[in-house]
Amino acid sequence: MPAADDVTAVDRHTDLHEPVLAWFDVHARDLPWRSPRCSAWGVLVSEIMLQQTPVVRVLPRWRAWLARWPAPADLAAADTAEVLTAWDRLGYPRRALRLKEAAQAIVDRHDGQVPADPQALRALPGIGEYTAAAVASFAFGIPETVVDTNVRRVIARAVTGIGLPGASLTRAEMRLAQALMPARTDRANRWNAAVMELGALVCTARAPRCDHCPLRERCAWRAAGSPAAQTPARRQAWAGTDRQVRGAIMAAVRADGSVDREGLAAAVAKTGRLGSHRPAPAQWDRALAGLLDDGLLTDQDGRLTFPR
DNA sequence: AATTCGGGGTG
DNA sequence: CACCCAGAATT
């Protein structure tokens, strides 16, 4: 239930709509999943692939994926091994498993049609609050409030006046984002895409191009002198982590089809993906056990392969 | 609320 | 070389 000050916030910020929507009319990228001819399944696949993965890296894999599995039933019937191979180096390969599980659930529960209902979408494997809202809005024109890292950053700066949003999406942020939604359905759906695009192309995390921003004259952060954001907490390093070792093992299996468990270290070294890191035995065990437990690998009498 | 889960382009 | 990217699931 919105408080009185939220209503004030709406009155203060509805004037954001016109500049952002007008900017989007001119500067929106021509992405294939934005085409009116793109299926809901195409939108869903794009949203899964785009989770923590930049657009430019998704584009070629998305095209190949849709050409090979043009409908949920096609992916539901595919071998997991083929799916993991097609996922290639997109990262977070568990997403590929969940996408296949989602396809199976769509066949089982929704007669092979991607559901439009946000709650039904949210119930599918690998689909959280963001992705459910994005598919509902972009594929079906249901004006859910779509809040990704780009939207959070634009609102944090333009409205709240801080350099960067916090580590995790808060209820207050979500309520603010909802209060900023245009009232008309068509504008609300376009607003979702437009704010996201503004964050991706102009209001970027590292070096925002404020000179090109349609909100430069009314941005709260800029009005405050663009104060530096609070120093973010250090993230997990990459070199030497279990994640690096897991990724290297997956790369070895992708390259060779299968790998003898005894020769794992040699096969992985051949991929060159570990750099100078030489995992200790305990780390090999941990990484391998994790991949097996996640269903990303199977061990058939000492041969490691992708599951069928 | 904090962690885990890839990979690669970029300032 | 640190940082970031159309997040989700688990704890």
Side-chain angles (χ1 to χ4, degrees), chain A residues 28-29 31-34 42-62 84 87-99 101-102 121-139 144-154 163-171 174 177 191-201 203-209 229 231-252 254 271-275 286-287 289-291 293-296:
Chain A
R29 288 170 292 181
L31 301 174
W33 45 84
R34 286 186 183 153
V43 174
L44 172 50
V45 171
S46 80
E47 291 300 341
I48 299 295
M49 288 185 170
L50 286 163
Q51 289 168 1
Q52 295 292 284
T53 309
V55 166
V56 286
R57 195 140 34 108
V58 165
L59 271 169
R61 277 71 170 236
W62 181 87
L84 288 172
W87 194 255
D88 195 29
R89 288 183 284 181
L90 274 178
Y92 295 143
R94 293 191 294 197
R95 289 184 293 168
L97 294 184
R98 291 183 177 136
L99 181 53
E101 293 165 14
L121 287 163
R122 180 66 181 81
L124 297 173
I127 296 193
E129 183 160 17
Y130 161 78
T131 304
V135 173
S137 177
F138 300 149
E144 293 289 296
T145 303
V146 176
V147 181
D148 76 327
T149 183
N150 291 303
V151 175
R152 291 187 65 207
R153 189 173 53 249
V154 172
L164 288 175
S168 53
L169 178 65
T170 65
R171 294 297 181 89
M174 192 64 198
W191 169 260
N192 279 331
V195 179
M196 201 178 304
E197 191 79 332
L198 186 62
L201 298 183
C203 193
T204 56
R206 208 86 68 92
R209 305 166 58 200
T231 52
R234 304 278 295 171
R235 298 192 180 191
Q236 184 182 33
W238 169 245
T241 59
D242 289 1
R243 297 166 72 185
Q244 185 190 25
V245 178
R246 284 169 56 110
I249 294 173
M250 291 291 285
R254 255 198 325 268
T271 69
R273 305 193 116 267
L274 282 180
R286 221 167 39 239
L291 291 170
D293 189 56
D294 288 343
L296 288 164

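Computed from heavy atoms alone, side chains included, the values below leave out hydrogens, waters and symmetry copies. To find a chain, count down the sequence lines: A is the first, B the second, and so on, and within it residues start at 1.
- Across all strands shown, Q244(A) has no heavy atoms under 4.0 Å from either base or sugar-phosphate atoms.
- Among the atoms of the strands shown, base atoms are found under 4.0 Å from some heavy atom of W33(A).
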Which atom pairs link the protein and nucleotides 9-11 of chain C when you take only N or O atoms and keep those under 3.5 Å?
residue	atom	partner	partner atom	Å
dA9(C)	OP1	G126(A)	N	2.7

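- The side-chain contact (heavy atoms from CB on, under 4.5 Å) check on T204(A) picks up P208(A), with sequence neighbours excluded.
- For E197(A), the salt bridge (charged side-chain N to carboxylate O under 4.0 Å, His left out) test picks out R29(A), R34(A), with sequence neighbours left out.
- With distances taken from any side-chain atom of E47(A) to the nucleotides dG7(C), dG6(B), dA6(C), the minimum falls on dA6(C).
- Comparing L164(A) and A132(A) along DNA chain C, the residue whose closest nucleotide (by nearest heavy atom) sits nearer the 5' end is L164(A).
- At dG7(C), none of the side-chain N or O atoms of Q51(A) fall inside 4.0 Å of OP1 or OP2 (strictly under the cut-off).
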What nitrogen or oxygen pairs link the protein and nucleotides 8-11 of chain B at under 3.5 Å?
residue	atom	partner	partner atom	Å
dG8(B)	OP1	R89(A)	NE	3.2
dG8(B)	OP1	R89(A)	NH1	3.0
dG8(B)	OP1	R273(A)	NH2	3.2
dG8(B)	OP2	R273(A)	NH2	2.5
dG9(B)	N2	R206(A)	NH2	3.3

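- At the heavy-atom level, R152(A) lies nowhere under 4.0 Å from the strands shown.
- Between the CG atom of L44(A) and the P atom of dG7(C) there is a distance of 15 Å, given to the nearest Å.
- Counting non-hydrogen atoms under 4.0 angstrom, T131(A) reaches the backbone sugars and phosphates but no base.
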Tell me which donor-acceptor pairs under 3.5 Å the side chains of residues 50-58 of chain A have, and how far apart each pair is, sequence neighbours excluded?
residue	atom	partner	partner atom	Å
Q51(A)	NE2	G126(A)	O	3.3
Q51(A)	NE2	T131(A)	OG1	3.0
T53(A)	OG1	M49(A)	O	3.3
T53(A)	OG1	Q51(A)	O	3.1
T53(A)	OG1	R95(A)	NH1	3.1
T53(A)	OG1	R95(A)	NH2	3.0

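- For R273(A), there are no salt bridge (charged side-chain N to carboxylate O under 4.0 Å, His left out) partners, not counting sequence neighbours.
- Remark on DNA chain B: of its neighbouring residues L296(A) and L169(A), the 5'-side contact belongs to L169(A), judged by nearest-heavy-atom nucleotide.
- Among dA6(C), dG6(B), dC5(C), the nucleotide with an atom closest to any side-chain atom of R246(A) is dG6(B).
- Between the P atoms of dT3(B) and dA6(C), the separation comes to 24 Å (whole Å).
- When all heavy atoms of L121(A) and A136(A) are compared, the closest pair comes out as CD1-N, 3.9 Å.
- Nearest-nucleotide positions on DNA chain C for R94(A) and T204(A) put T204(A) closer to the 5' end.
- Between the base of dG7(B) and the side chain of T53(A) there is no donor-acceptor pair shorter than 3.5 Å.
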